[in-house]
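Since the structure comes first, as structure tokens, the remarks are kept for the end.
These values consider heavy atoms only, across backbone and side chains, with no hydrogens, waters or symmetry-generated copies. Quick note on labels: first sequence line is chain A, next is B, and so on, each numbered from 1.
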Amino acid sequence: MRALFADKMRVSFVGLGSLLILFVAWPLLRTITASGPAVLWRTLLDEEVRRSIGLTFYASLIATAIAFVCGVPLAYLLARADFPGKRLVEGIIDVPIVVPHSAAGIALLMGFGRHTPLGKAFGLVGLKFVSAAPGIVIAMLFVSLSFLVNAAREGFEAVDPRLERVARTLGASPWRAFWRVSFPLAWRSILSGMILMWARGLSEFGAVVILAYHPMVAPVLLYERFESFGLSYARPIATLMILICLTTFVALRLIAGRGEKRA
Amino acid sequence: MKGRGSVEIRYLWVDLEEFRLCDINLDITDGEYFIVLGPTGAGKTVLLETIAGLHQPRKGRILLAGEDVTHAPPERRGTGFVYQDYALFPHLSVAGNIAFGLRLRRMGRGVIEERVTAIGRLLGIEHLLHHMPGTLSGGEAQRVALARALVVEPRLLLLDEPLSALDPETREALQRELGRIHQELGTTTIHVTHDFEEAVALGDRIAVLKASPLRALARREDRVGDSRREGRIVQVGTPEEIFRRPANEFVARFVGVRNIFRGEALSEESGYKLVCLDPSAGPWSSGTCPGPFVLGHRTGPYGTVPKDQGRQVQGPRTEGSGHRGVEIVAVTELEGPVHASIRPEEVVLSREPLLSSARNGFRGRIVGISDRGTVVYVTVRIPPDFICMITRRSLEEMSLREGMWVHIAFKASAVHVF
């Protein structure tokens with residue numbers, strides 16, 4: 001019973017599901033095909049556009065790296081340990097998914113703004129968040145870390161704890177058991193969480209625009225061109241963003257998928 | 001003073017959320033094959049994991065080779081652990097799994113390869129070294145798990161139901177393998193199982209673990225819910241002692257009523273095997289019937305039949321004279337010293353010889369009748385003594401009494417040789 005059109009129920013399900021697929025695919029397709037290659041090329045030559053796309057990728061990468069360093073250990077604890085307040089911690093990790101992202105931007109401003117204690121402290125080491133690249137990074141980090149932490153936690157949960165125990169009896173310290181057994185086995189989930197988080201960071205607008213309108217990330221630039229010059233000026237940037245994101249996303253998925261087959 | 005693999009456990013208490021082990025005391029000598037026997041949920045795994053250092057006991061001490069390791073981390077204890085469902089590292093090849101402990105010890109490539117090949121040869125898995133764990137059968141996977149544990153030369157080998165996940169044939173093969181490896185390497189072994197025949201076949205000594213609901217008069221904070229259970233050791237002894245003199249009703253019930261004999265398996269051309277039963281040892285089953293079950297032969301020596309003695313016996317239908325072994329026909333691949341068991345319900349009792357398909361038939365005298373309500377256990381001395389289970393109604397219809405001569409019969413396929 002694996003056939004798509006096995007019975008009438010499945011036929012109607014195929015119809016309903018296709019509506020949703022078309023709903024996503026049709027506007028994307030329209031956007032991609034609306035601007036000809038010549039326009040796209042001209043847009044790509046635009047210094048401001050290139051800088052903003054580069055900044056977007058770079059900032060999201062840094063955010064993902066920070067989440068990796070702190071989030072993977074957290075995910076491991078959530079998968080393995082029981083402690084009072086665990087539910088609260090899990091809730092906090094999920095909060096960024098449910099709050100409006102503009103509200104998240106305001107919250108970050110309250111936490112890291114120029115005149116806040118943390119803002120001042122970071123200012124001493126030359127890090128400022130408002131209207132600066134670090135602000136973009138923390139905005140992306142805030143709204144997308146749940147993806148990495150949750151994926152990594154699920155990855156660790158799928159690793160049989162007895163594998164770690166066997167590793168311990170064979171002479172591994174807790175660190176070595178983690179690096180040689182748990183981490184490699186959860187790596188596929190972690191990687192997929194990283195890809196998801198990175199892609200989510202790229203597309204962030206709401207939180208970023210409140211914390212750092214300048215320097216402009218691609219979604220903000222897109223918004224600005226749309227507001228100032230109208231649809232025909234914003235469209236090529238949109239096309240470019242969609243194409244670049246889709247290509248990287250598919251490429252990363254393929255690389256990750258190949259790893260899975262090997263293992 | 002103490003051997004490298006001796007284990008002493010003193011007043012050990014382990015507290016887990018749903019379970020606790022109470023007051024565990026064990027002395028295991030260097031090179032011993034020690035069995036922890038108990039039903040599912042009696043805390044056998046917890047005990048093993050505590051010895052391996054994977055749980056911290058609340059109180060008590062664990063000594064390995066005289067050294068107190070109660071608070072030592074698992075990696076410093078030198079134990080090898082084998083789980084029921086293998087727990088092989090799925091991302092490493094068979095060779096990678098076996099080499100895991102050696103790599104942690106930073107051994108040279110050459111040495112590692114040498115030792116992996118050697119242990120692979122010992123366990124007959126040389127040809128699998130480049131396979132991934134996912135492609136192995138259960139028996140192969142368990143051999144790999146054994147190799148991985150043994151290659152680091154542990155002082156103590158901990159086996160957590162290593163045979164339970166295997167099909168009967170593989171289980172028998174691996175069980176013999178465990179015996180052979182233990183003889184070859186002499187590694188002190190603690191083997192946890194719920195299978196008494198496994199325990200008999202392998203164990204030098206057996207500890208019986210029993211779990212019961214937590215005692216009500218415990219401290220108040222312990223009374224969390226009714227689901228908490230506690231495990232205690234109720235008896236330690238040789239397999240024979242456990243079987244003949246169970247310390248209490250629980251052990252007797254757990255071990256069950258059965259006919260277990262030691263003997264020697266000889267090949268037979270017809271495709272069956274002859275198993276010579278040791279007449280002097282008597283059946284082990286004598287001790288397992290609490291209540292009014294009176295039997296002789298409780299104290300016979302416990303040993304195998306000398307080879308020549310078995311061959312003197314004239315055919316399988318010999319009637320016991322009391323001093324020679326009987327030969328029974330069984331279906332088995334084994335040869336040499338073995339155990340044989342026949343379930344009491346498989347033994348047919350009659351007053352006249354029966355013409356039937358059963359390949360084993362003997363004449364003997366009733367030496368004991370144990371009434372258990374609807375069923376009755378009748379002990380017939382051939383010798384050795386066989387226990388037969390019959391209904392109360394059969395007992396009355398045949399008007400069986402002690403001292404009466406009767407016939408017993410059972411099929412060759414009803415004999416389990418192990």
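For B:Ser93, there are no side chain to side chain donor-acceptor pair (under 3.5 Å) partners at least two apart in sequence or on another chain.
A heavy-atom distance below 4.5 Å is found between the side chains of A:Val181 and B:Phe100. Side-chain contact between A:Arg165 and B:Pro74: absent, with no pair of heavy atoms (C-beta onward) separated by less than 4.5 Å.
Contacts between residues 170-180 of chain A and chain B, defined by a heavy-atom separation under 4.5 Å, are made by A:Leu170, A:Gly171, A:Ala172, A:Ser173, A:Pro174, A:Arg176, A:Arg180. For residues 67-93 of chain A, an interface with chain B (any heavy-atom pair closer than 4.5 Å) does not exist. Near-neighbour residues of residues 133-144 of chain B relative to chain A, defined by a heavy atom under 4.5 Å from a heavy atom of that chain, are none.
Distance CZ/A:Arg162 to OG1/B:Thr45: 8.5 Å, rounded to 0.5 Å.
In this structure, B:Arg105 places its CZ atom where more than 12 heavy-atom neighbours from other residues, nucleotides or ligands lie under 6.0 Å away. Within 6.0 Å of the CD atom in B:Glu177, the count of heavy atoms belonging to other residues, nucleotides or ligands exceeds 12.
Between B:Phe89 and the options A:Leu185, A:Asp160, A:Leu163, a side-chain contact (heavy atoms from CB on, under 4.5 Å) holds for only A:Leu163.
Considering all non-hydrogen atoms of both residues, B:Phe81 and A:Thr169 come closest at CB-OG1, 3.8 Å.
For the options B:Arg106, B:Arg77, B:Arg103, heavy-atom pairs under 4.5 Å to chain A are most numerous at B:Arg106.
Contact of B:Leu158 with chain A is not made at all, since no heavy-atom distance falls under 4.5 Å. Contact of B:Leu54 with chain A is made through the side chain alone, with heavy-atom distances under 4.5 Å.
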